[in-house]
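Okay, so here's the structure we're looking at.
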Amino acid sequence: MDKKTIIKTLEKIALYMELQGENPFKVSAFRKAAQVLELDERSLSEMDNITSLKGIGAATGAVINDLIETGESSLLKEMQESVPGGLLPMLKIPGLGGKKIAKLYKELGVDSIESLKIACEEGKVKGLAGFGAKTEEKILAQLEVFQTKPERTAIWQLEPIVAFIEGILASMDTVVKYSVAGSYRRVKESSKDIDFIVATTLPLKVREELLEKLPLLKVIAAGDTKVSVTLDVENEVDVDFRLVEPHQYASALHHFTGSKDHNIKMRQIAKEKGLKISEYGVEQEDGSVQSFESEKEFYAYFDLPFIPPTIREDGTELNKLEMIPSLVTLEDIKGDFHMHTTWSDGAHSIEEMVEACREKGYSHIVITDHSNYLKVANGLSRERLLQQIEAIHVMNEKYSDIEIFAGTEMDILPDGSLDFDDELLEQLDFVIASIHSSFSQSQDKIMARLRTAIENPHVHMIAHPTGRIIGSRTGYDPDVPTLIEWASEFGKILELNANPHRLDLETVYLKMAQEKGVPIAINTDAHHLDQLRYMDVGVKYAQKAWLHKENIVNTWTLDKFKQYLKK
DNA sequence: GCCGTTTTCGGCCCGACTGTTTTCAGTCG
């Protein structure tokens with residue numbers, strides 16, 4: 001019996017209990033037990049007395065022992081027999097929770113999405129106590145959309161929408177300040193919706209203005225402090241606006257940035273001190289409410305350092321506060337080592353890229369255009385690459401405040417060979433190897449290709465190691481833990497590709513790489529000046545993985561970087 | 001269902017919005 005199965009079983013039991021209209025605290029006790037197991041890093045065999053864990057008591061302990069001994073849970077089995085499985089997906093319909101579904105089942109025999117639809121169409125639902133005509137209408141409307149709408153939207157799809165909304169808020173003089181919040185601010189790879197906090201003294205006016213200016217598909221809710229809408233954009237997306245007084249802004253931003261677990265932990269800390277945290281501030285025992293200028297002040301009030309949004313996740317961040325100063329920030333970044341120019345498929349000249357990087361205050365960068373094989377990207381032939389190296393040398397004469405290194409993003413070909421020979425690679429300062437073809441090869445073949453690159457003494461780094469596009473394609477299925485082992489053995493860098501489409505490597509592997517002492521480079525892979533800004537996304541994503549700044553190549557000084565290249 | 005030496009019973013994070021009510025339950029984040 002593995003831990004994952006136990007966790008899943010406990011969560012499933014919680015779902016079934018919810019459907020039976022059980023006491024919500026009982027339901028959350030099972031969820032909590034699952035989470036306790038999840039957060040405990042030990043394997044099952046290393047835990048001798050399971051009920052000694054805080055949050056696992058007699059009942060959840062019995063389920064776990066049942067699973068270990070018999071391989072299944074008799075409690076879950078019993079529930080599955082008495083509650084139709086068809087009710088489970090109904091929990092995903094907005095507006096329907098356990099209580100209402102239980103009622104629909106008991107009173108009308110509704111046991112699936114299909115029978116729910118029929119019951120609504122026949123007008124039976126509105127007759128139930130606690131239901132009404134509006135509820136029935138709403139359910140029918142939800143049934144139309146909810147199965148076609150993806151549950152979460154990828155970060156790169158949300159990015160332009162966030163920028164668009166920020167533009168609107170910036171243009172409104174009724175708005176004092178604003179910020180995106182929620183999982184987008186925490187740089188999750190995908191989000192269910194977008195949250196915005198808006199500080200204003202005229203909430204009603206802001207509400208009207210927003211409803212007027214946004215491309216609306218639907219208004220979900222429009223209260224005095226909260227506006228929820230579905231936007232009519234390419235991938236329709238829900239956006240929540242919370243309208244607060246300026247002095248409530250910091251608390252509201254913290255509250256709606258989450259995560260939920262982080263907030264619960266914070267509230268427990270407050271409660272121990274006789275205080276109460278809400279989105280409006282911190283309520284004292286005498287009922288007065290303390291508000292804050294910034295999130296930093298808010299944390300300081302509880303003797304805590306500023307906790308970056310990216311690491312506000314399962315609550316365990318509060319046990320690792322001493323590691324926060326070692327996390328990388330944008331100010332630590334001294335260079336970007338993967339970018340393209342008009343020499344291959346980039347939109348700007350070398351000079352334009354250099355100028356933009358100078359403005360960012362970088363001390364060194366690497367120009368890495370595509371190699372010969374990648375014809376669709378105008379990959380550089382041997383001759384053109386030699387010309388480009390020369391052009392970069394000439395350009396270096398011009399600048400005293402930035403050093404430009406000549407590099408390449410060399411393809412690892414489908415047959416496992418490298419696109420350039422050693423004699424040519426030797427003339428480059430920095431060599432990236434990456435895969436852009438034959439993604440569907442077997443894992444053995446992919447790994448053989450990567451192995452060739454790792455073994456080559458001229459290769460410094462493997463770019464976007466899995467080739468994934470978030471929410472769209474999984475990439476080429478390398479055995480990443482083995483790749484990390486190899487990188488460690490041969491002293492190679494692995495890339496954290498900062499493009500929001502990729503964020504490759506993902507956090508679990510970044511952590512693994514750090515444990516093995518593999519240096520990570522955060523690179524924008526910019527094909528356009530605009531995309532150099534992705535460094536910010538990459539840095540935040542690295543925070544999520546708790547990478548130490550000294551393990552990140554971009555934080556090294558020019559001298560240290562040069563030392564590394566010489567090895 | 002779980003927890004706890006100020007509690008073995010009573011609370012569990014906290015508040016907004018909607019739709020159904022006529023003071024509040026359910027849902028959501």
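Order of the sequence lines sets the chain letters (A, B, ...), proteins ahead of strands, with each chain counted from 1.
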Side-chain N or O of [X] closer than 4.0 Å to phosphate OP1/OP2 of [N]:
| X | N | answer |
| --- | --- | --- |
| A:Tyr280 | B:dC14 | no |
| A:Lys271 | B:dC12 | yes |
| A:Lys226 | B:dA16 | no |
| A:Thr135 | B:dT18 | no |
| A:Lys192 | B:dG29 | yes |
| A:Ser228 | B:dC17 | no |

Please measure how far the [atom1] atom in [N] lies from the corresponding atom in [M], and state the result in whole Å.
| N | M | atom1 | answer |
| --- | --- | --- | --- |
| B:dC2 | B:dT7 | P | 23 Å |
| B:dG1 | B:dT8 | C1' | 15 Å |
| B:dA16 | B:dT21 | P | 24 Å |
| B:dT22 | B:dC17 | P | 23 Å |

Tell me the partner of B:dC9, counting only Watson-Crick (N1-N3 plus N6-O4 or O6-N4) or G-U wobble (N1-O2 and O6-N3) with both under 3.5 Å; none if nothing fits.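 When the pairing criteria are applied, B:dG4 turns out to be the nucleotide that pairs with B:dC9.
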Could you state the atom-to-atom distance from [atom1] of [X] to [atom2] of [N] in whole Å?
| X | N | atom1 | atom2 | answer |
| --- | --- | --- | --- | --- |
| A:Asn23 | B:dC12 | CG | P | 13 Å |
| A:Leu104 | B:dA25 | CG | P | 19 Å |
| A:Glu272 | B:dC3 | CD | C1' | 13 Å |
| A:His255 | B:dG15 | NE2 | C1' | 7 Å |

Just compare [options] and give me whichever is closest to any side-chain atom of [X].
| X | options | value |
| --- | --- | --- |
| A:Phe25 | B:dC12, B:dT18, B:dA16 | B:dC12 |
| A:Lys276 | B:dC14, B:dA16, B:dG29 | B:dC14 |
| A:Thr60 | B:dG29, B:dC17, B:dG1 | B:dG1 |
| A:Glu283 | B:dG15, B:dC3, B:dG29 | B:dG15 |
| A:Asp195 | B:dG15, B:dC3, B:dG29 | B:dG29 |

Kindly assign one of parallel, tilted or perpendicular to the pair A:Tyr299 and A:Phe306, based on the angle between their ring planes and the thresholds 30° and 60°.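 Geometry flag for A:Phe306 against A:Tyr299: perpendicular rings.
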Checking A:Arg473 side chain against A:Arg468 main chain: does a donor-acceptor pair fall under 3.5 Å?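 No; judged by distance alone, with no hydrogens or angles, the pair does not exist.
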Donor-acceptor check, side chain of A:Lys192 to backbone of A:Ser183, threshold 3.5 angstrom: yes or no?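 Checking the backbone N and O of A:Ser183 against the side chain of A:Lys192, no donor-acceptor pair under 3.5 Å is found.
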Would you mind telling me which residue lines up with the more 5' stretch of DNA chain B, A:Ser28 or A:Leu128, judged by nearest nucleotide?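 So the residue in question is A:Ser28.
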Aromatic A:Phe131 / basic A:Lys100 pairing, under 6.0 angstrom, 45° off normal: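 Yes, A:Lys100 sits over the ring of A:Phe131.
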Would A:Ser73 and A:Asp66 count as having a side-chain donor-acceptor pair, cut-off 3.5 Å?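 Per modelled atom types, A:Ser73 and A:Asp66 side chains form no pair under 3.5 Å.
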